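Only one structure is covered here, and it is reproduced in the block below.
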There are 2 protein chains.
Amino acid sequence: MTPQPGSPGDVLTLISTGSATTRSDLARVTGLARSTISQRVDALIERGLVEETETGESTGGRPPRQLRLHTEEHAFAGVDLGATHCRVALMDISGEILAACEDPLLIGDGPEEVLAHVDRRLDALLADAGRPRAALRAIGMGVPGPVEFATGRPNNPPIMPGWNDYPIPEYFDGPSVLVDNDVNVMALGEHRHAFPGARHLLFVKAGTGIGCGIVADGKLHRGAQGSAGDIGHIRVSGHDDAGCRCGNSACLEAVAGGAALARRLRELGLAAESAADVVALVQAGDTQALRLVREAGRLIGEVLAGLVNFFNPEVIVIGGALSRVHDHLVAGVRETIYRRSLPLATHHLSITPSRAGVDAAVLGAGLLAVEHYLSPDNINRIVNA
Amino acid sequence: MTPQPGSPGDVLTLISTGSATTRSDLARVTGLARSTISQRVDALIERGLVEETETGESTGGRPPRQLRLHTEEHAFAGVDLGATHCRVALMDISGEILAACEDPLLIGDGPEEVLAHVDRRLDALLADAGRPRAALRAIGMGVPGPVEFATGRPNNPPIMPGWNDYPIPEYFDGPSVLVDNDVNVMALGEHRHAFPGARHLLFVKAGTGIGCGIVADGKLHRGAQGSAGDIGHIRVSGHDDAGCRCGNSACLEAVAGGAALARRLRELGLAAESAADVVALVQAGDTQALRLVREAGRLIGEVLAGLVNFFNPEVIVIGGALSRVHDHLVAGVRETIYRRSLPLATHHLSITPSRAGVDAAVLGAGLLAVEHYLSPDNINRIVNA
DNA sequence: GATCTTTGTTCGTCGATCGGCGAAAGTGGC
DNA sequence: GCCACTTTCGCCGATCGACGAACAAAGATC
């Protein structure tokens with residue numbers, strides 16, 4: 001008896017990851033008897049977790065019946081709360097987005113108001129997708145500040161007044177609610193969507209501020225206090241005159257964040273209030289703005305060069321508002337990383353702009369919910385109930 | 001049936017970690033029937049993996065028979081290869097060191113000669129401990145350079161001429177051999193010995209060069225190419241004139257490594273060739289040397305401050321040759337980290353000198369071997385054989 | 001259309017686990 | 001000192017679940 005990979009939850013994991021799509025596949029992969037697999041699959045079908053599709057290709061004998069996740073009956077939500085927007089997506093159990101919406105919304109309005117808005121949007125999206133509220137199994141949410149993941153409570157978030165220690169999961173009645181930092185869920189979304197095979201990945205969000213989500217060994221690394229990835233206040237060389245809101249100087253965010261770039265453009269006499277304005281100027285062909293973005297890429301690259309040596313990831317993804325001009329930003333990042341990091345660490349490293357784009361956060365948040373629901377422990381609990 | 005934590009390997013894990021020390025404990029923790037537990041334990045005793053000790057304290061009824069790892073019959077080795085030394089320790093299955101030795105040895109003599117030396121020392125230590133060679137189940141080894149852990153082959157190590165791609169495990173016939181970077185095994189040793197409860201730990205080795213071992217979620221993080229933790233070539237501010245052997249300038253190692261400190265002391269007219277000489281000068285009360293060490297601590301702290309924001313560890317351990325003057329080094333490190341890192345990340349962070357000292361590497365290497373042997377998969381294989 | 005191959009189900013067998021029972025080995029009250 | 005009580009632990013019949021052989025299904029091959 002080897003370490004038995006045979007519980008219903010494990011079987012479902014194999015189906016959901018596509019490692020095995022038929023009963024015989026499952027028998028081969030798990031080493032269990034075909035009859036045992038049939039029994040497990042029957043239980044999963046009975047619970048509405050798996051469905052049979054058309055029979056597949058024959059390989060010389062009876063064609064197998066394909067199995068896949070039963071995508072009706074269940075629904076999951078991914079919520080992306082930003083400082084000034086709220087994006088909500090409804091997805092099925094396979095991670096496919098069924099419907100999504102985005103509205104301007106001030107996080108500073110406080111949890112009651114913001115979560116009520118989310119709740120209304122969830123109802124609307126569920127109606128669009130033709131699923132009852134009861135089908136909603138779990139909600140994943142990314143918020144712009146540090147969170148104690150285990151409890152879903154924001155931990156002294158600087159830009160979320162009124163949210164400190166607010167127990168977000170308790171607001172929703174029924175589904176499991178998982179709350180994490182927005183950069184973490186973006187990293188997860190990008191990993192699952194574009195680089196599912198990568199073991200170690202960094203996702204850098206360059207917007208008003210600068211943050212980083214860490215996927216280590218395929219899982220999110222949140223750190224001891226859930227504050228891992230906060231690279232915006234790492235010191236960069238040669239900018240000791242640049243003061244930062246954190247009280248120190250020469251922080252990455254203070255020289256390469258969207259707010260800092262806008263400020264420097266204003267000093268040059270241009271109209272720029274936010275990261276979006278900087279992007280607009282670059283897209284309009286302004287050479288000053290372009291130069292600043294490229295220089296910001298180099299500065300971000302300087303910090304990342306150190307982190308590449310330290311963490312040795314396989315992939316670095318650049319996302320966030322500034323990445324809309326990613327050609328210039330990523331060029332600066334690449335330039336510095338390849339110059340300053342060790343060859344062994346950069347040899348198989350790819351550095352790319354985000355592929356999931358604006359959906360990265362809702363996708364990652366939703367997948368956090370789906371993966372929680374599909375975890376072997378949870379499935380075994382459901383099947384044995 | 002919940003995710004069954006019931007295989008013999010799992011039972012042994014509970015015994016070895018001290019989570020359960022009696023049969024009834026095991027039944028309570030695993031949820032298995034007492035009779036099943038007895039059967040598992042009998043199998044483990046029969047294989048010589050577990051032994052019964054004196055009966056324990058009664059809690060009002062029949063006193064339980066204590067169980068623990070059977071420390072005779074098995075032996076494990078931890079090998080610490082440095083540039084100029086070789087330390088070997090023999091330990092039992094509980095991680096207790098039975099015997100140890102250290103000799104000067106040049107790694108540059110090449111694998112055949114060095115490993116032959118290790119082999120002779122192993123025989124001597126086994127004889128000391130009164131155990132037959134056949135009792136040696138596994139060997140862990142730390143080497144001063146990057147290693148492909150899965151195969152045990154050094155990967156272009158700069159200071160190990162003749163070792164590139166040499167398949168170290170094949171040299172030893174019989175026991176499993178696990179080879180890793182020396183800093184990684186030191187991190188593991190320190191974690192298991194002094195901070196077994198910490199989830200995330202960084203071990204910094206400050207010697208001739210500067211490296212870092214990473215324990216993430218209780219396990220070593222090696223990175224995509226096994227080069228994670230190479231912090232010696234991260235850039236520090238304000239030292240652009242300091243050239244480094246890697247071809248860049250302002251590398252941490254080039255300004256705060258033992259070799260760099262020795263060079264700067266020579267420029268001041270003092271006799272210092274190595275990190276050990278720097279330590280000797282500090283211990284002799286030389287104020288110039290002391291000032292340099294403290295400044296080195298600040299520079300290391302600057303790099304670590306960034307890594308604390310990024311990785312958010314619970315513990316940072318400072319080890320290596322320079323840590324013999326750890327009062328001064330650690331003071332510099334603390335000073336900068338608490339100034340430059342985010343409060344949330346430093347609030348529960350402890351920064352301490354190494355507690356395992358010179359044994360950190362052999363301890364970690366040996367534990368790598370023991371933990372490999374005690375892994376549930378391996379134990380199940382042994383019991384079912 | 002007969003045979004072969006592969007898939008999936010049914011059902012009897014067998015091994016492993018469970019849990020009750022009783023013996024062992026202590027504690028504590030009287 | 002004796003007896004009731006508690007807890008540990010081995011034994012053994014009852015039960016549960018996985019296995020695999022036999023069979024049915026469904027298409028490929030000739």
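Just so we're clear, the structure is a prediction, and the values are computed from it rather than from any experiment. Per chain, numbering begins at 1; letters A, B, ... match sequence-line order.
- Taking atom CD1 of Ile37(A) as the reference point, atom P of dA18(D) lies 10 Å away to the nearest angstrom.
- Regarding Asp10(B), its CG atom lies at a distance of 12 Å from the P atom of dT17(C), rounded to whole Å.
- Taken to the nearest 0.5 Å, the CD1 atom of Ile37(B) stands 10.0 Å off from the CD atom of Gln39(B).
- Neither OP1 nor OP2 of dC9(D) sits under 4.0 Å from any side-chain N or O of Ser38(B).
- Rounded to whole Å, atom P of dG8(C) lies 15 Å from atom CG of Leu32(A).
- Rounding to the nearest 0.5 angstrom, the gap separating the CD atom in Glu51(A) from the CD atom in Gln66(A) is 12.0 Å.
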Full working for side chain to side chain donor-acceptor pair (under 3.5 Å) between Asn378(A) and Ser375(A): CA-CA 5 Å; Asn378(A) 192 46; Ser375(A) 75; 5.2 Å; no

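- For Ala33(A) and Arg23(B), each mapped to the nucleotide of DNA chain D holding its nearest heavy atom, the one lying further toward the 5' end belongs to Arg23(B).
- For the OP1/OP2 pair of dT6(C) and a distance below 4.0 Å, the side-chain nitrogens and oxygens of Ser24(A) include no atom meeting the criterion.
- A straight line from CG of Asp25(A) to C1' of dT6(C) spans 12 Å, rounded to a whole angstrom.
- Atom CD1 in Ile45(B) sits about 8 Å away from atom P in dG10(D), given to the nearest Å.
- Atom CG in Asp42(B) sits about 9 Å away from atom C1' in dG10(D), given to the nearest Å.
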Are there any protein N/O atoms within less than 3.5 Å of an N/O atom in nucleotides 21-26 of chain D, and if so, which ones and at what distance?
from	atom 1	to	atom 2	distance (Å)
dA25(D)	N3	Arg62(A)	NH1	3.2

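- Helical stems of DNA chain D (runs of at least 3 Watson-Crick or G-U pairs, donor-acceptor distances under 3.5 Å) are listed by first residue: C:1-30 with D:1-30.
- For the atom pair CG of Leu201(A) and CG of Leu188(A), the computed distance is 10.0 Å after rounding to the nearest 0.5 Å.
- Here the CG atom belonging to Leu122(B) is positioned 5.5 Å from the CZ atom belonging to Arg133(B), to the nearest 0.5 angstrom.
- No option in Arg222(B), Met141(B), Glu148(B) other than Arg222(B) meets the side chain to side chain contact (heavy atoms under 4.5 Å, CB included) test with Asp180(B).
- Residue Arg40(B) contributes atom CZ, which lies 17 Å from atom C1' of dG10(D) at whole-angstrom precision.
- Shown are Leu12(A), Leu26(A), Val11(A), Thr53(A); of these, the side chain to side chain contact (heavy atoms under 4.5 Å, CB included) with Leu67(A) is made only by Leu26(A).
- Ranking dT8(D), dG8(C), dC18(C) by closeness to the Arg65(A) side chain, first place goes to dG8(C).
- The number of heavy-atom neighbours closer than 6.0 Å to NE2 of His193(A), taken from other residues, nucleotides and ligands shown, is 12 or below.
- Gln39(B) places its CD atom 11 Å from the P atom of dG10(D), with the value rounded to the nearest Å.
- The distance from the CG atom of Leu136(A) to the NE2 atom of His74(A) is 11.5 Å, given to the nearest 0.5 Å.
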